[in-house]
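Here the structure comes first, spelled out in structure tokens, and everything after it is commentary.
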Amino acid sequence: MAKEKPTFSTRSAEELYWAVRQFFKLLAIVIACGITLFIAQFFSNVLFLLIAVIGFLLSLATVVYMFGHFIRFFVFKSRGE
């Protein structure tokens, strides 16, 4: 069974929901990348750098999406939507 998509009373509530989801996704990426980097440092410097770059890019993309949702939240909140 598919998970039912949440419904929102306002557009600002929806943007806040997605911003918080992106924040928790960022925390998961940082924790997983930190654990993986700790383990990778014992194997190879190249592996460590590769995982670090991938983790940085994933974190950067997630932060951009999160800030975008927060900005849209503030815009919709100020409009009363």
Side-chain angles (χ1 to χ4, degrees):
M1 294 189 142
K3 190 174 181 182
E4 190 172 325
K5 194 173 182 181
T7 56
F8 304 99
S9 58
T10 61
R11 291 177 75 180
S12 60
E14 180 179 8
E15 290 301 327
L16 183 61
Y17 172 80
W18 291 115
V20 170
R21 295 238 352 200
Q22 288 293 334
F23 175 73
F24 285 125
K25 185 187 296 184
L26 176 65
L27 287 179
I29 289 171
V30 168
I31 291 169
C33 189
I35 292 169
T36 308
L37 284 173
F38 178 75
I39 294 170
Q41 75 179 347
F42 299 114
F43 292 105
S44 167
N45 288 337
V46 175
L47 180 65
F48 180 84
L49 287 175
L50 180 67
I51 293 171
V53 168
I54 292 171
F56 173 74
L57 292 175
L58 286 172
S59 299
L60 183 65
T62 306
V63 166
V64 168
Y65 278 120
M66 183 178 65
F67 281 136
H69 283 296
F70 272 125
I71 290 170
R72 288 182 60 163
F73 164 72
F74 289 127
V75 168
F76 290 143
K77 191 72 169 176
S78 68
R79 290 181 187 171
E81 295 181 24

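The chain is numbered in sequence order, starting from 1.
- Under the 4.5 Å side-chain heavy-atom criterion for grouping Ile, Leu, Val, Met, Phe, Trp and Tyr, Phe74 is not connected to Ile71 through any hydrophobic cluster.
- Sparse packing is recorded around CZ of Phe67, with 12 or fewer heavy atoms of other residues, nucleotides or ligands lying under 6.0 Å away.
- Residue Tyr17 qualifies as enclosed at atom OH: its count of foreign heavy atoms under 6.0 Å is above 12.
- By the neighbour-count criterion of 12 heavy atoms within 6.0 Å, atom CZ of Phe42 is densely surrounded, having more than that number from other residues, nucleotides or ligands.
- Note: the hydrophobic cluster containing Leu57 does not contain Leu50 (ILVMFWY, side chain heavy atoms under 4.5 Å, direct or indirect links).
- Cluster membership for Ile39 and Phe48, using ILVMFWY side-chain heavy atoms within less than 4.5 angstrom, is shared.
- Residues Phe24 and Met66 are members of one and the same hydrophobic cluster, defined by side-chain heavy-atom contacts under 4.5 angstrom among Ile, Leu, Val, Met, Phe, Trp and Tyr.
- Between Phe70 and Phe73, the ring planes are perpendicular. Angles over 60° get that label, and only those under 30° would be called parallel.
- Under the side-chain hydrogen bond (donor to acceptor under 3.5 Å, both in side chains) criterion, Thr10 pairs with Ser12, sequence neighbours left out.
- The environment of OH in Tyr65 is sparse: at most 12 heavy-atom neighbours from other residues, nucleotides or ligands sit within 6.0 Å.
- Note on Val63 and Ile29: separate hydrophobic clusters, where clusters join Ile, Leu, Val, Met, Phe, Trp and Tyr whose side-chain heavy atoms are under 4.5 Å apart, directly or indirectly.
- Of the candidates Ile31, Leu37, Thr36, Leu37 is the only one forming a side chain to side chain contact (heavy atoms under 4.5 Å, CB included) with Cys33.
- In terms of heavy-atom proximity, Ser59 sits nearest to Val30 at OG-CG2, 4.3 Å.
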Test Phe8 against Arg11 for side-chain contact (heavy atoms from CB on, under 4.5 Å), laying out the working first.
CA-CA 7 Å; Phe8 304 99; Arg11 291 177 75 180; over 6 Å; no

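- Rounded to the nearest 0.5 angstrom, Leu58 CG and Ile51 CD1 are separated by 11.5 Å.
- Here the straight-line distance linking atom CD1 of Ile54 with atom CG of Leu49 works out to 11.0 Å at 0.5 Å rounding.
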